[in-house]
Number of protein chains: 2
Amino acid sequence: MQTPHGVVQTPAFMPVGTQGAVKSVTHRDLHDLGDGVGAEIVLGNTYHLYLRPGDALIARAGGLHRFIGWDRPILTDSGGYQVFSLADRRRVSEEGAEFRSHLDGSTHLLTPERATDIQSHLGSDIAMVLDECVATPATVEVARAAMERSVRWAARARERLVQIKDDPAAAGVLATNPGQAQFGIVQGAIDPALRTESVQATVALGFDAYAIGGLSVGEPPDVTYDIVAHTAPQLPGDRPRYLMGSGMPDDLVECVARGVDLFDCVLPTRNARNGQLLTRSGPIAIKNARYAEDPSPPDPECRCYTCRRYSRAYLRHLYVAGEMTAATLNTVHNLYFYLDTMRSIREAIMLGTFEKLRSEFHQTFSRRSHLNA
Amino acid sequence: MQTPHGVVQTPAFMPVGTQGAVKSVTHRDLHDLGDGVGAEIVLGNTYHLYLRPGDALIARAGGLHRFIGWDRPILTDSGGYQVFSLADRRRVSEEGAEFRSHLDGSTHLLTPERATDIQSHLGSDIAMVLDECVATPATVEVARAAMERSVRWAARARERLVQIKDDPAAAGVLATNPGQAQFGIVQGAIDPALRTESVQATVALGFDAYAIGGLSVGEPPDVTYDIVAHTAPQLPGDRPRYLMGSGMPDDLVECVARGVDLFDCVLPTRNARNGQLLTRSGPIAIKNARYAEDPSPPDPECRCYTCRRYSRAYLRHLYVAGEMTAATLNTVHNLYFYLDTMRSIREAIMLGTFEKLRSEFHQTFSRRSHLNA
């Protein structure tokens, strides 16, 4: 996948850098998690950056890349998911979503145009359209209404980006990345017919590429996989397909098998901060007393910086003692696990051994239910 | 200074790794803070490591170096300073200091022999004797009594280490670093005559080297400097002299001028976590609103990883947003400032330009009173 800030090898996993930083690791750590494995792209959250430090400030600083000192690709979400998560702090109309800030209670209106403008300010390489997310389970009526509104919002977002690209000054936007791409988002909950309708209407709008939204929001994994299998093949084969917010380790393998190219998920970073380390034989909770004198690394086969240098006993000590370094070292390990899994998947696809990798992965790592998702 | 884990160039500053980790930075960060500057030695706190994870556990893991994955020199304190800081949670007798743990209230007795045994377990390259610290200001009687007791305790610690080195099994100690050195500590508060007595009695015991303790505990800096100027030259010139716990930036320059070779201080790391960055023109509080859009690095002349890559605006954002990375990047900068200052001092000494450096340092950096010590 080519972007103004370089190439991303796909399928790829994007670490989540909510507030302009992947929590507890430096860019230096992200560039080299060990053994040459590093993040080629990160995700930034528009909702958080809009509220603090503000997209206008970031635009004046030259855009998000310059502001945070990261020169590789960045994808930003639209802010919609966070706003819809605010529950009683937001109100949705055809115009957009009005919400109160979790920081200071101030009122804001996020429209498809505003979400586009903010991301133009941020200057991410890939911007996402604002879509309407519904709580699960949703009736077909509710799911249809949200899907149809998402299509209308997508058209407005597309039109707005065309205006901005055509004449940013006239649009009143300080666009910091002229080569920014915009992805449409397919909705339709877990209804195959709605998904197909959404694909057709969204693709007709002519985005640079497409994402599958509204999954991994509480439905069983098999249902997620079925909807992905139904939807992904209908999306253009010459553009990356992004499955938003899904990223259990199993999902990476299973959804690549169904045609997905891009993933993001807070699981590896958040679970790291909670002391959960992912290993080839399943997750381990490092605070467990059984590791107090365990001299082995979290995963003996892993080649990340943490596993090459530190024991479970030391990592447990750091975690129990409340040292911030525990979060850093655990995050380095979990992100390596994810990015190395993606590297293995890419290699296997090239070698034609993906199905072998897939079956081996499930033989050793199949502990979805043990993860603190 | 030669140690079992390599050479330390002196004068040197030792970052404090209280619980077996320098807070908020990885060893990788410590090895390369930028421009080839890294920590050659770190300090570990015996009190903390004894309580958690325990010195016996660390000994079974092969010693502190192996347990924490740090292969460069380590100095451990005796635990005395922390115990004396417990105030109403400790009781001191000729035997030693009885104290209640800050973690669980359990009662412990720290004697000169026990402090020696614990450090043998830890296997630091340099162990410190247990000394009696007094609150300041102290009467001459109190200062004399503590100084004399410190000499008696030093004799017991020396005798104990000789026993351990002679036959660790007979001593019941799992010594993890046979080449461990032991430093005596000069006490005597701010009384020159007591300091001289302490030097003579302590040096007579025949330690590998000597430290100056009981300073920077509330007395004015000029008094500290006078006592250092009085004491350091009386210590053997062929061994390093360690000024314990002092380490304002001014102290580094002024106490090297008075004959000190080793420093430790929590200031650069603790202040970093509180958002204070040290620069050539004085400290800055990064949370200040004036930095919200400041594109310059913390110190434009600094070559640390943080200054080479990040702006004050971004560092302020990270700090205000509560990102852990703020602590990491600020700590990298402050430690670089300290270690680079020591590098400049060493170079100036070799080139015969130390007095020039000293006067330049005070022209640009002389803001002791602004530091959150």
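A note on names: the letters A, B, ... follow the listed sequences, proteins ahead of strands, and every chain is numbered from 1. Both backbone and side-chain heavy atoms feed into the values below; hydrogens, waters and symmetry mates do not.
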Write out, in numerical order, the residues from [range] with a heavy atom short of 4.5 Å from a heavy atom in chain B.
range                       : answer
residues 305-316 of chain A : A:Tyr305, A:Arg309, A:Tyr310, A:Ser311, A:Ala313, A:Tyr314
residues 70-85 of chain A   : A:Asp71
residues 37-58 of chain A   : A:Leu49, A:Arg52, A:Pro53, A:Leu57

* To do: Give a yes or no on whether B:Arg66 atom CZ has more than 12 heavy-atom contacts from other residues, nucleotides or ligands under 6.0 Å away.
  => no
* So which part of B:Leu329 gets closer than 4.5 Å to some heavy atom of chain A, the side chain, the backbone, both or neither? ->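 Answer is side chain: those atoms of B:Leu329 sit under 4.5 Å from chain A.
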* Measuring heavy-atom distances to chain A, does B:Asp294 have an atom under 4.5 Å in its side chain, in its backbone, in both, or in neither? ->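 It is neither, since no heavy atom gets under 4.5 Å.
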* Asked: How far apart are the C-alpha atoms of A:His317 and B:Gln19, what are their side-chain angles, what is the distance that settles it, and do they pass the side-chain contact (heavy atoms from CB on, under 4.5 Å) test?
  -> CA-CA 9 Å; A:His317 165 65; B:Gln19 303 189 102; 4.1 Å; yes
* Looking at A:Gly20, A:Ala61, A:Pro295, A:Gly62, which has the largest count of heavy-atom pairs under 4.5 Å with chain B? ->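 Option with the top pair count is A:Gly20.
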* To do: Using a cut-off of under 4.5 Å on heavy-atom pairs, state which of A:Val22, A:Thr18, A:Ile68, A:Leu103 scores highest against chain B.
  =>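 Among the listed options, the one with the most contacts to chain B is A:Ile68.
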* Asked: Which region of A:Ala21, side chain (C-beta onward) or backbone (N, CA, C, O), has a non-hydrogen atom less than 4.5 Å from a non-hydrogen atom of chain B, or is it both or neither?
  ->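 Both the backbone and the side chain of A:Ala21 come within 4.5 Å of chain B.
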* Asked: Where along residues 318-327 of chain B does a heavy atom come under 4.5 Å of chain A, listed by residue number?
  -> B:Leu318, B:Val320, B:Ala321, B:Glu323, B:Met324, B:Thr325, B:Ala327
* Asked: Looking at B:Arg60, B:Glu293, B:Arg28, which one has more heavy-atom pairs under 4.5 Å with chain A than the rest?
  -> B:Arg28
